[in-house]
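What follows is a short report on a single structure.
Hydrogens, waters and symmetry mates are skipped; everything else that's a heavy atom, side chains included, is used. All residue numbers refer to positions in the sequence shown, counting from 1.
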Amino acid sequence: MARGAGCRVQGAEKSGIKMNRKVYIETYGCQMNVADSEVVVSILGDKGYQATDDINEAGLILINTCSIRENAEKRIWSRLSTIKHIKKMNKHVIVGLIGCMAERLKERVIEANQLVDLVVGPDAYRELPALVAEAESGHKAVNVLLSHEETYADITPVRMDKNGVSSFVSIMRGCNNMCSYCVVPYVRGAERSRDPESVIMEVTELFKSGYRDVTLLGQNVDSYNRVSDGNKTGFPELLEKTAQIDPLLRVRFSTSHPKDLSDDLLKTIARYNNICRHIHLPAQSGSNRILKLMNREYTREWFIDRINTIRSFIPDCSLSTDMIAGFCTETEEDHLASLSLMEWAGFDFAYMFKYSERPGTRAARKYPDDIPEEIKTRRLNEMINLQNKLSAVSKKKDIGKVFEVLIEGASKRSAEQLSGRTTQNKVVVFPKENFKKGEYVQIRIEKSTSATLIGKAVNI
Ligand code: 5AD
Ligand code: SF4
């Protein structure tokens, strides 16, 4: 997904020379990147940059990149070649590539593709103003150093979401897990947790300015751990403190790792009505042999136990997952094990991917990427077809029930309809009446489409 920046920050001009201080930032990949772009806009805002939605009026164009699969990188290369035209028309415009592709591809980006003036990795955003200045003086500027400490805790992100109701707050960076297929630990570095006080302060400020739904973000939130003033704060404590800010604030989190999802966390969720009844729990595969090759550090049986425990502590919890089709050496039997796990779990939603070999990862070094493309595609399609059925079953079960919906704005299809989400993270569309964005409303579900529940407000 690509998003342009649409917020206003303080404008300024360098003394004497009329600089174009408008920055256009386009974001690819996960929510973590979206949160990072908000940090980048804040850092540049302090130096007088103003964000713009219009790439053609920008003096600085930043592409916040994703490396997770080869396709993500391909999209960015093709985007860069279209930006070439803008640079041809205005040679003063500075183009920067930031985020996860920076570390991996710095030489290639700068040398093979003369278009890019600036390459900045995810832990070096504080240096951006200085690096932009260096690029303006005609030098290529690069900083891709990864850090063991940087969390950007003291920076107030400039919100680029448009609805003003739901937002993301990054609570940690990097990852220590070393799943064998995954490039994240290499491009985003080692895991580090942000101090809890700054997280609570940021969420409190969001609540005060009208936000009602906050998602705490990390590659593996279950391993959040921070000692400050002699007190240890793990993820359950952080989640609890966030939920205590106000009962009208909904709190979500992503992503959990099945190996670390603790009973303690589930009990905390069960205790607070405003911690959302939705857990994203990536399974990746249903085969023990493949899970071992993936270095996921849990078995199918462990995963099943976690889901059973979720259901016993939080009966109304929805579940979503990530699955990979066609990992190295995956047999038909392994694939069927993935399908049967999905079916058993009855996931409400799933993100499904074909395995994509990433240079430098353990899988790339040790295992053959030996599943032919057409078999990967067929297996992925089988997963998608199954998930479509599971999602339809999950939505059908909701028909006739009443859900509390937090209103996020007008529905995409009609200005007469509003759209919001249930605590289970399901999208609900309903007639506008006199309801407003940011309010909670009780909706009885009447029918469902492939992606949405449709209903009407009721008084209960
Ligand atoms: N190939 C395919 N999918 C991948 N993911 C991560 N790395 C790869 C890869 N090399 C998927 C995993 C992860 C999600 C964010 O992306 O399912 O949970
Ligand atoms: Fe990648 Fe595994 Fe870390 Fe997720 S937990 S970012 S899949 S290494």
Side-chain angles (χ1 to χ4, degrees), residues 28-30 32-33 65-77 97 99-112 119 121-124 142 144-148 173-192 218-220 223 255 257-260 282-300 302-303 322-335 337-338 351-377 379-380 383:
Y28 292 81
C30 62
M32 197 65 99
N33 259 10
T65 60
C66 171
S67 278
I68 196 102
R69 283 169 292 275
E70 195 184 359
N71 268 347
E73 287 191 356
K74 275 193 185 145
R75 279 180 65 203
I76 289 159
W77 286 118
L97 186 145
C100 297
M101 275 168 78
E103 155 64 24
R104 234 172 66 62
L105 298 169
K106 53 184 184 290
E107 284 93 13
R108 182 167 160 213
V109 166
I110 291 226
E111 280 156 25
V119 178
D123 285 345
V142 182
V144 294
L145 289 177
L146 291 172
S147 152
H148 282 277
R173 301 181 71 78
C175 185
N176 285 350
N177 284 313
M178 296 290 169
C179 300
S180 64
Y181 50 81
C182 188
V183 78
V184 167
Y186 304 91
V187 296
R188 297 189 76 95
E191 179 184 289
R192 64 228 102 119
Q219 303 296 345
N220 176 9
S223 63
T255 297
H257 195 306
K259 80 176 162 67
D260 296 323
Q284 314 296 4
S285 169
S287 151
N288 279 337
R289 193 182 69 83
I290 294 294
L291 287 171
K292 197 159 177 46
L293 287 182
M294 286 177 164
N295 195 33
R296 289 289 287 176
E297 297 183 42
Y298 57 83
T299 59
R300 177 188 176 96
W302 173 272
F303 188 86
D322 292 345
M323 297 297 292
I324 297 179
F327 186 66
C328 313
T329 78
E330 186 186 72
T331 63
E332 213 49 36
E333 198 187 341
D334 295 321
H335 168 59
S338 290
Y351 297 93
M352 295 152 285
F353 313 99
K354 274 191 259 187
Y355 171 60
S356 162
E357 187 177 84
R358 306 315 292 129
T361 57
R362 181 154 138 191
R365 282 183 276 119
K366 289 192 150 181
Y367 313 129
D369 181 12
D370 56 354
I371 309 303
E373 189 58 26
E374 62 275 17
I375 295 185
K376 281 186 186 171
T377 305
R379 289 181 185 167
L380 177 67
M383 279 181 174

Would the distance check show the side chain of [X] and the main-chain N or O of [Y] forming a donor-acceptor pair, the cut-off being under 3.5 Å?
{"X": "Asp369", "Y": "Ser356", "value": "no"}
{"X": "Arg173", "Y": "Asp123", "value": "no"}
{"X": "Asp370", "Y": "Cys328", "value": "no"}
{"X": "Thr65", "Y": "Met101", "value": "yes"}
{"X": "Ser180", "Y": "Leu293", "value": "yes"}
{"X": "Arg300", "Y": "Asn288", "value": "no"}

Rounded at 0.5 Å granularity, tell me how far [atom1] in [X] sits from [atom2] in [Y].
{"X": "His335", "Y": "Ile375", "atom1": "NE2", "atom2": "CD1", "result": "10.0 Å"}
{"X": "Ile371", "Y": "Thr331", "atom1": "CD1", "atom2": "OG1", "result": "8.0 Å"}
{"X": "Gln219", "Y": "Cys30", "atom1": "CD", "atom2": "SG", "result": "6.0 Å"}
{"X": "Arg192", "Y": "Cys175", "atom1": "CZ", "atom2": "SG", "result": "11.0 Å"}
{"X": "Cys100", "Y": "Glu73", "atom1": "SG", "atom2": "CD", "result": "9.5 Å"}
{"X": "Asn33", "Y": "Ile68", "atom1": "CG", "atom2": "CD1", "result": "10.0 Å"}

Within the 4.5 Å heavy-atom criterion, are [X] and [Y] side-chain neighbours or not?
{"X": "Arg358", "Y": "Glu70", "result": "yes"}
{"X": "Ser338", "Y": "Met323", "result": "yes"}
{"X": "Asn176", "Y": "Ser223", "result": "no"}

Original post:
Around atom CD of Glu333, are there more than 12 heavy atoms of other residues, nucleotides or ligands at under 6.0 Å?
Top reply: no

Shortest non-hydrogen contact from [X] toward [Y]:
{"X": "Val187", "Y": "Pro122", "answer": "O-CG, 3.4 Å"}
{"X": "Ile324", "Y": "Lys354", "answer": "CG2-C, 4.5 Å"}
{"X": "Pro359", "Y": "Glu357", "answer": "CD-O, 3.8 Å"}
{"X": "Met383", "Y": "Ala325", "answer": "SD-CB, 4.0 Å"}
{"X": "Gly29", "Y": "Cys66", "answer": "CA-CB, 3.7 Å"}

Subject >> All side-chain contact (heavy atoms from CB on, under 4.5 Å) counterparts of Tyr298, not counting sequence neighbours >> reply: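 Scan of Tyr298 (side-chain contact (heavy atoms from CB on, under 4.5 Å), adjacent residues dropped) gives His257, Pro258, Lys259, Gln284, Leu291, Arg296, Trp302, Phe303.
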
**OP:** With sequence neighbours left out, write down each residue that passes side-chain contact (heavy atoms from CB on, under 4.5 Å) with Tyr186, or none if nothing qualifies.
**Re:**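 Tyr186 satisfies side-chain contact (heavy atoms from CB on, under 4.5 Å) with Met178, Thr361, Arg365 only.
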
Original post:
Can a cation-pi geometry be assigned to Arg69 and Phe353, taking NZ or CZ under 6.0 Å from the six-membered ring centre and within 45° of the ring axis?
Top reply: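 Geometry flag: set, cation within 6.0 Å and 45°.
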
Original post:
Can Asp334 and Ser287 be counted as having a side-chain donor-acceptor contact under 3.5 angstrom?
Top reply: yes

Original post:
Salt-bridged, Arg289 to Glu330, with N to O below 4.0 Å?
Top reply: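 Salt bridge flag = no for Glu330 with Arg289.
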
